[in-house]
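Notes follow once the structure below has been shown.
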Amino acid sequence: MALVNVREMMKKAEREHYAVGHFNINNLEWTKAILQVAEETRTPVILGVSEGAVKYMCGFKVVADMVKAMVEGLKITVPVALHLDHGSYDGAKAALEAGFSSVMFDGSHYPIEENIQKTKEIIAYANSLGCTVEAEVGAIGGEEDGVIGAGEVADPNECATVASLGVDILAAGIGNIHGKYPSNWKGLDFEALAKIKEAVGNMPLVLHGGTGIPADMIKKAISLGVCKINVNTECQLAFQEETRKYIEAGKDLQGKGFDPRKLLAPGCEGIKRVVREKMELFGSLGKAE
Ligand code: 13P
């Protein structure tokens, strides 16, 4: 199945009150693990790639070609979107050119007027290629590719302005943070989320920083209009934990345990476990049908 943009996925999620998981990829193994779980469980999925991960994987074309070939090679039949995460203006254009089916243009650090102008240009280019666009209002806290955001709650009027430009999905800061949540984290601001939803109507909302948000908060966020939830760190932690166990048990020293296909396998199982759990929690499991 060819890559899809997120439009239909989001409409169905909005209608049926669940959220599609966006899982960040870092390499071939990561991509394979996520695609396999999606296919096994008949679940739509969004593969997110940050510009840092794109650089690591040697460029937009390598990523787009790898994902497309893998979807074909693994005979994936569920909807898969390849989405640039926190794209810059130039990065979003390059991703679209290379064959990504969706991009996030993160213009949240520009003054609102400039964010609007640049967002419009990216929307026009994306739509001309049949691709979708996510925009962000209000910074998401924490660290993403070395950029530390303090985390600010989005202004509902700004959300309405950006939503009206023709974006397909909107990420709005509601106290969410990338990476692990500190012990004194106040939780998601549901009052702000409800106001944002009221201001943007049926625009599907995106929740970044999906790692470590308690299940009840995830469910409440979905009930208030969140249709896409981004998860990155939790897969990395599961990969690290399983790889550590393998090495600490001395398995890399036994037989051909040093073979990368063996060495990386437990970590990949860790990623799969997290992806499965999140899909279930988000209510998207089996929603490809
Ligand atoms: P976490 O790393 O906190 O899961 O956040 C992922 C994310 O929001 C990517 O955009």
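This chain uses plain numbering: 1 for the first residue, then up along the sequence. In each ligand, atom 1 is the first atom listed, and ligand 1 is the first ligand listed.
- Within the listing of ligand 1, atoms 1 (P), 2 (O), 3 (O) sit less than 4.0 angstrom from a heavy atom of Gly179.
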> Would Trp30 and Phe23 satisfy ring pair (Phe, Tyr, Trp, His ring centres under 6.0 Å), going step by step from the backbone distance to the final call?
Replying inline: CA-CA 9 Å; Trp30 231 267; Phe23 300 97; over 10 Å; no

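- The shortest N or O to N or O distance between Glu234 and ligand 1 is not under 3.5 Å.
- By the 3.5 Å distance cut-off applied to N or O atoms, Gly209 is counted among the residues near ligand 1.
- Per-residue contacts place His208 under 4.0 angstrom from the following atoms of ligand 1 (heavy atoms of the residue considered): 8 (O), 10 (O).
- Of the charged side-chain nitrogens involved, at least one lies within less than 4.0 Å of a carboxylate oxygen, so that Arg276 and Glu40 count as a salt-bridged pair.
- At least one side-chain heavy atom of Leu281 sits less than 4.5 Å from a side-chain heavy atom of Lys219.
- The ligand atoms of ligand 1 that sit less than 4.0 angstrom from a heavy atom of His86 are 10 (O).
- Ligand-side atoms of ligand 1 in range of Asn24: 9 (C), range being under 4.0 angstrom from any heavy atom.
- Residues Phe105 and Leu84 form no side-chain contact, since every pair of their non-hydrogen atoms from C-beta on lies 4.5 Å or further apart.
- When the options Ile213, Thr233, Asp85, Ile229 are ranked by their closest heavy atom to atom 9 (C) of ligand 1, first place goes to Asp85.
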> After noting the C-alpha distance and the side-chain angles of Asn230 and His208, does the key distance pass the side chain to side chain donor-acceptor pair (under 3.5 Å) rule?
Replying inline: CA-CA 5 Å; Asn230 294 12; His208 282 246; 3.1 Å; yes

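- For the pair Lys245 and Glu242, the salt-bridge criterion is met [side-chain N within less than 4.0 Å of a carboxylate O].
- The shortest N or O to N or O distance between His178 and ligand 1 is under 3.5 Å.
- For the pair Leu207/Ile174, a side-chain contact is recorded, criterion being any heavy-atom separation below 4.5 Å from C-beta on.
- Geometrically, ligand 1 and Thr211 share a nitrogen or oxygen pair separated by less than 3.5 Å.
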